[in-house]
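Contents: one structure, followed by commentary.
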Amino acid sequence: MSDFRQRVYELTRQIPEGKVATYGQLAKLAGRVKAARAVGVFMRTNPDAPHTPCHRVVSFNGKLTGYSGRGGILQKREMLISEGVKFLGDRVNLQESLWVTQQQ
DNA sequence: AAAATGACGGTGT
DNA sequence: TACACCGCCATTT
């Protein structure tokens, strides 16, 4: 596994409960601002699902674009809600629940 | 080595 | 709000 991919997973594990990160945000923190698309692939082929909270990753506008788990996007939304993430209709309230770090 | 593939991000209409 | 495109990138064929 490449270093970049490794970093993305480490970052994902740092997302606190009740917060979410965007694909582009993880790409940036991992050192590749424009690799958001690739990050999506990393989440999809997430090797250790329980250990790495890939459900806390959504697209830049707060929409849930996918989830390879059993219940798909629906389950993903419920997981987030049960963790305290706030929603505005079918999208996440990023203003309230976006994960903010010192770096960026 | 070249082409195809997405859980993206952004712009235009 | 909803599409259609386009540029990007790591991986896989």
Side-chain angles (χ1 to χ4, degrees):
Chain A
M1 180 183 305
S2 67
D3 288 5
F4 176 60
R5 187 167 182 170
Q6 190 70 54
R7 281 198 298 276
V8 171
Y9 285 138
E10 290 177 5
L11 253 21
T12 304
R13 285 183 223 112
Q14 291 174 33
I15 304 175
E17 198 175 295
K19 293 286 183 181
V20 300
T22 69
Y23 300 95
Q25 182 180 10
L26 291 181
K28 180 179 180 182
L29 292 175
R32 303 284 178 68
V33 200
K34 316 173 206 175
R37 198 163 192 173
V39 172
V41 178
F42 297 162
M43 295 301 107
R44 192 167 79 82
T45 62
N46 180 6
D48 46 357
H51 183 36
T52 305
C54 58
H55 63 277
R56 299 195 188 133
V57 184
V58 303
S59 56
F60 79 108
N61 57 2
K63 258 202 161 186
L64 278 54
T65 54
Y67 187 59
S68 52
R70 212 157 82 89
I73 295 178
L74 297 177
Q75 182 183 345
K76 180 173 177 179
R77 176 159 67 224
E78 294 182 13
M79 294 178 74
L80 292 175
I81 290 180
S82 71
E83 291 185 353
V85 175
K86 299 182 180 179
F87 276 72
L88 293 176
D90 65 333
R91 45 173 83 186
V92 175
N93 181 344
L94 293 180
Q95 182 132 280
E96 274 283 342
S97 310
L98 180 63
W99 178 41
V100 262
T101 68
Q102 296 302 314
Q103 26 184 343
Q104 312 253 1

Review point. Is there a donor-acceptor pair under 3.5 Å between the side chain of A/Ser97 and the backbone N or O of A/Val20?
Key: no
Review point. Just how far, in rounded Å, is P of B/dC8 from CZ of A/Phe60?
Key: 11 Å
Exercise for review: Taking only the side-chain nitrogens and oxygens of A/Thr22, find out if one of them lies under 4.0 Å from OP1 or OP2 of B/dC8.
Suggested key: no
**Study point:** A/His55 and A/Tyr67 aromatic ring geometry - parallel, tilted or perpendicular at 30°/60° bounds
**Key:** perpendicular
Review point. For A/Asn61 and B/dG10, what is the distance between atoms CG and C1' respectively, to the nearest whole Å?
Key: 11 Å
Point to revise | Given DNA chain C, 5'-ward residue of the pair A/Arg91 and A/Ala35, judged by closest heavy atom | key: A/Arg91
Exercise for review: Write down the distance between CD (A/Gln6) and C1' (C/dT11), rounded to a whole number of angstrom.
Suggested key: 16 Å
Revision key, fill the gap. A correct 5'-to-3' footprint of nucleotides 1-6 of chain B, with B, S and - meaning base, sugar-phosphate only and no protein heavy atom under 4.0 Å, is -----B
**Study point:** Heavy-atom pair of closest approach, residues A/Met79 and A/Ser82
**Key:** O-OG, 2.7 Å
Check your understanding: OP1, OP2 of C/dT11 versus side-chain N and O of A/Ser2: anything below 4.0 Å?
Key -> yes
Review point. Hey, does the side chain of A/Arg32 reach the backbone of A/Ala27 with a donor-acceptor pair shorter than 3.5 angstrom?
Key: no
Point to revise | Close side-chain approach of A/Arg13 and A/His51, heavy atoms under 4.5 Å | key: yes
Practice item. Quickly work out the A/Arg32 CZ to C/dA10 C1' distance and round it to whole Å. Key: 9 Å
Practice item. Identify whether the distance between the nearest side-chain nitrogen and carboxylate oxygen of A/Lys19 and A/Glu83 falls below 4.0 Å. Key: no
Check your understanding: Could you give the CG-to-P distance, from A/Asp90 to C/dA2, as a whole number of Å?
Key -> 8 Å
Check your understanding: Base, sugar-phosphate, or nothing: which does A/Ser68 touch, judged by heavy atoms less than 4.0 Å apart?
Key -> base
Exercise for review: Check every atom of C/dT11, C/dC8, B/dC8 against the side chain of A/Lys34 and return the nucleotide holding the closest atom.
Suggested key: C/dC8
Practice item. Return the value, rounded to whole Å, for the distance between atom CZ of A/Phe42 and atom P of C/dT12. Key: 9 Å
Check your understanding: Between C/dC3 atom P and A/Lys63 atom NZ, what is the distance in whole Å?
Key -> 9 Å
Revision key, fill the gap. Taken to the nearest whole Å, CZ/A/Arg5 to P/C/dT12 is 6 Å
Review point. Does a side chain donor of either A/Arg5 or A/Thr45 reach within less than 3.5 Å of an acceptor in the other side chain?
Key: yes
